[in-house]
Amino acid sequence: MSEIVRGRRPLLVAGLLAGLLVASAALAPLIADARPAREIPVEDVEESLADPGAEGWSDVPAATVPLASAPSGVPNADDTTVREVEVEAAQTDQRLFVRLRWADPSDDRSASSPRAFADMAALQFPVNATTQPAIAMGSANNLVNVWQWSATNNTQELLAGGPGTTTVFQQPEVSTQAARSTVGEGDGWSVVFTRDLDTSVDNRTQLAADADVSVAVGIWNGENSERAGQKAVSEWYYFPFGPDDGGAPFQTILWAVAGVAIALVIAVTAISVRRTREEGES
Amino acid sequence: MAHDDVDIAEGVDHQVAMVMDLNKCIGCQTCTVACKTLWTEREGTEYMYWNNVETRPGKGYPRDWEEKGGGWESEKHINRSVGEIPSQQDYGENWEFDHEGILKEGEDKALEPENTDPEWGPNWDEDQGAGEHPNNYYFYFPRICNHCTHPSCVEACPRKAIYKREEDGVVLVDQERCRGYRYCVEGCPYKKVYYNAVTKRSEKCVFCYPRIEGEGPDDEVHPPACADQCTTQLRLVGYLDDQDGPIYKLVEQYEVALPLHPEYQTSPNVYYIPPVAPPQHSEDGETVDVERIPRSYLEELFGEQVNDALDTIERERAKVERGGHSELMEILQDKNPAQQYRLEVFADD
Ligand code: SF4
Ligand code: SF4
């Protein structure tokens with residue numbers, strides 16, 4: 001034993017190793033609590049949360065989703081104003097509720113003069129829930145289903161296969177409720193989208209699925225004349241409807257760290273033992 | 001095809017065209033009213049004048065439309081210049097009058113807008129004109145959509161909801177596809193697409209396509225209502241590529257009918273015979289040899305071409321004054337009314 005203690009390099013490695021283990025042990029609870037990147041948790045609830053002011057929303061965890069200007073050929077496409085949106089989701093046995101909350105000090109409800117544009121928000125889903133279509137309105141062979149709310153008090157359900165291809169569902173199944181609300185420091189919108197989980201209609205995303213469902217968010221600020229491709233959008237996120245809530249990158253990272261640590265322990269031990277022997281032999 | 005040496009849009013069989021002789025416009029607005037009664041008496045269209053008659057020099061309708069951008073950056077038609085959407089005030093509000101009360105119930109009050117105290121409206125600056133007495137001047141300027149050969153409104157639409165139709169180049173907004181984004185409104189340099197805030201879609205002059213197709217109750221082909229109703233019959237309607245028609249002759253052969261603001265590069269298919277005003281007068285009423293409407297102003301509207309056009313008109317007129325014959329003057333004087341509307345020449349195509 002005394003030989004090992006004398007050997008300086010093994011000592012150093014062992015020290016680092018101990019540090020790593022302590023660090024990962026300390027981080028572990030944090031990491032385990034953190035959600036997988038891009039997951040928007042879906043809380044099981046008993047009651048309808050269709051009202052954006054419903055009590056029940058206070059128990060639903062929120063994901064803060066960053067937004068950036070969508071790439072688009074329309075004029076001023078990179079001039080958008082909304083930087084992030086809080087997304088919360090809840091489900092009963094029957095329905096999904098998604099609440100979006102974002103800061104927007106100007107309340108633009110009308111498109112009733114030539115220059116007036118209304119605030120809008122949309123959720124985008126792949127029509128085929130197991131795929132992830134092109135983020136910009138899907139593509140011709142990988143369609144997206146879009147739920148669009150406008151502050152003019154209009155909700156539409158759309159189908160798109162790429163920019164400029166939007167068509168409107170004649171019988172929308174999505175409904176919305178919106179309210180002005182305090183978001184962060186100032187005024188903003190709080191909008192709930194809701195739809196039955198189950199659908200039997202072609203080209204409509206099936207939410208009663210055993211797989212995670214991708215979702216993306218888009219926000220338009222009417223005051224800034226945002227419309228069409230001039231909008232702030234997210235990357236693809238997902239609702240963890242899958243059987244394994246994982247796919248979870250952080251847990252994977254945790255296991256990887258642990259694995260490396262174990263391997264290092266074995267390696268260092270082996271080296272030290274060999275050194276000790278060599279030193280003994282010499 | 002008949003249009004070998006006429007420049008019309010790719011993929012278009014024939015191109016409808018209109019020539020308006022500005023020398024004959026009396027600003028009566030009969031065309032405006034004909035159009036309005038036919039097309040824009042629906043909800044949301046009250047403020048729209050697909051056909052408007054403005055006074056020049058003046059700010060036009062919508063106000064200062066020439067400063068609102070749109071069109072193309074060059075004749076290559078690659079980059080559009082982004083425009084802006086005129087404000088409701090620039091168009092003028094929708095004025096409401098109490099005709100009922102005054103005319104039927106005999107109320108004793110002035111017939112004036114009840115809902116607003118307007119400070120601007122279509123042709124608000126009528127008769128203002130320019131110049132100093134006795135050499136002041138103005139002229140009336142009727143405008144419709146130009147059904148351009150390179151329509152920047154079409155290019156502006158991300159949904160391809162506005163299109164140039166194949167059979168005759170009429171530019172139309174597909175009301176099913178339109179989602180009210182208004183890129184066409186800002187993209188048209190002539191500001192001839194209008195947003196209907198009730199239907200939440202854009203609308204524009206349709207060149208009275210059901211009339212030119214003979215789809216009306218009498219199954220007959222009619223020219224657009226603005227032309228048909230024009231008090232002085234100053235409009236010729238036909239196809240640019242109809243080489244036997246007067247439009248072709250005025251535009252392509254004599255080059256006296258000119259597009260408005262050719263520098264916008266949309267290649268309009270509405271053409272104007274530029275106005276020729278009486279010469280200036282001296283203080284004591286003597287005629288002097290100076291043009292009343294400055295060429296520089298006409299160049300602003302029609303480009304340098306206007307000089308050749310006016311020179312040609314002057315030359316041909318002088319020829320007739322000397323007792324000679326001029327085909328151009330005959331066309332401009334409508335000596336052959338049968339030629340005024342030639343809308344059935346390609347009917348058998
Ligand atoms: S005048 Fe304007 S609206 Fe009409 S075709 Fe030309 S660009 Fe389009
Ligand atoms: S009807 Fe004819 S004369 Fe009267 S304003 Fe219109 S274009 Fe001019």
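To find a chain, count down the sequence lines: A is the first, B the second, and so on, and within it residues start at 1. Hydrogens, waters and symmetry mates are skipped; everything else that's a heavy atom, side chains included, is used.
Taking the side chain as every heavy atom from C-beta outward, Glu176(B) and Thr167(A) never approach each other to under 4.5 Å. At least one side-chain heavy atom of Tyr183(B) sits less than 4.5 Å from a side-chain heavy atom of Gln230(A).
When each of Gly164(A), Gly73(A), Pro114(A), Ser113(A) is checked for heavy-atom pairs under 4.5 Å with chain B, Pro114(A) comes out on top. Among Ser110(A), Ala116(A), Ser225(A), Ser72(A), the residue making the largest number of heavy-atom pairs under 4.5 Å with chain B is Ala116(A).
Within 6.0 Å of atom CD in Gln132(A), more than 12 heavy atoms from other residues, nucleotides or ligands are found, so the atom counts as buried in its surroundings. Within a 6.0 Å sphere centred on CD of Glu166(B), heavy atoms belonging to other residues, nucleotides or ligands number 12 at most. Remark: Asp64(B) CG is packed, more than 12 non-hydrogen atoms of other residues, nucleotides or ligands lying under 6.0 Å away. Summarising the local packing, CD of Gln94(A) is surrounded by 12 or fewer heavy atoms from other residues, nucleotides or ligands at distances under 6.0 Å. The 12-atom threshold is not exceeded at OH of Tyr209(B), counting heavy atoms of other residues, nucleotides or ligands nearer than 6.0 Å. Within a 6.0 Å radius of NZ in Lys59(B), no more than 12 heavy atoms belonging to other residues, nucleotides or ligands are found.
Looking at Val185(B), neither its backbone nor its side chain comes within 4.5 Å of chain A, counting heavy atoms on both sides. Within the 4.5 angstrom heavy-atom criterion, only side-chain atoms of Gln156(A), from C-beta onward, approach chain B. Residue Glu84(B) touches chain A through its side chain alone, counting heavy-atom pairs closer than 4.5 Å. For a residue to count as touching a neighbouring chain, one of its non-hydrogen atoms must lie under 4.5 Å from one of that chain's; by this rule Tyr91(B) touches chain A with the side chain only. At a 4.5 Å heavy-atom cutoff, the contact between Lys200(B) and chain A is made by side-chain atoms alone.
For Tyr195(B) (side chain) and Ser112(A) (main-chain N/O), no donor-acceptor pair under 3.5 Å exists by modelled atom type. Judged by distance alone, the side chain of Arg182(B) and the main-chain N or O of Phe117(A) form no donor-acceptor pair under 3.5 Å.
The two residues Arg177(B) and Thr165(A) make their nearest non-hydrogen contact at NH2-CA, 4.5 Å.
Rounded to the nearest 0.5 angstrom, Thr166(A) OG1 and Arg159(B) CZ are separated by 4.5 Å.
A donor-acceptor contact closer than 3.5 angstrom is absent between the side chains of Gln89(B) and Arg115(A).
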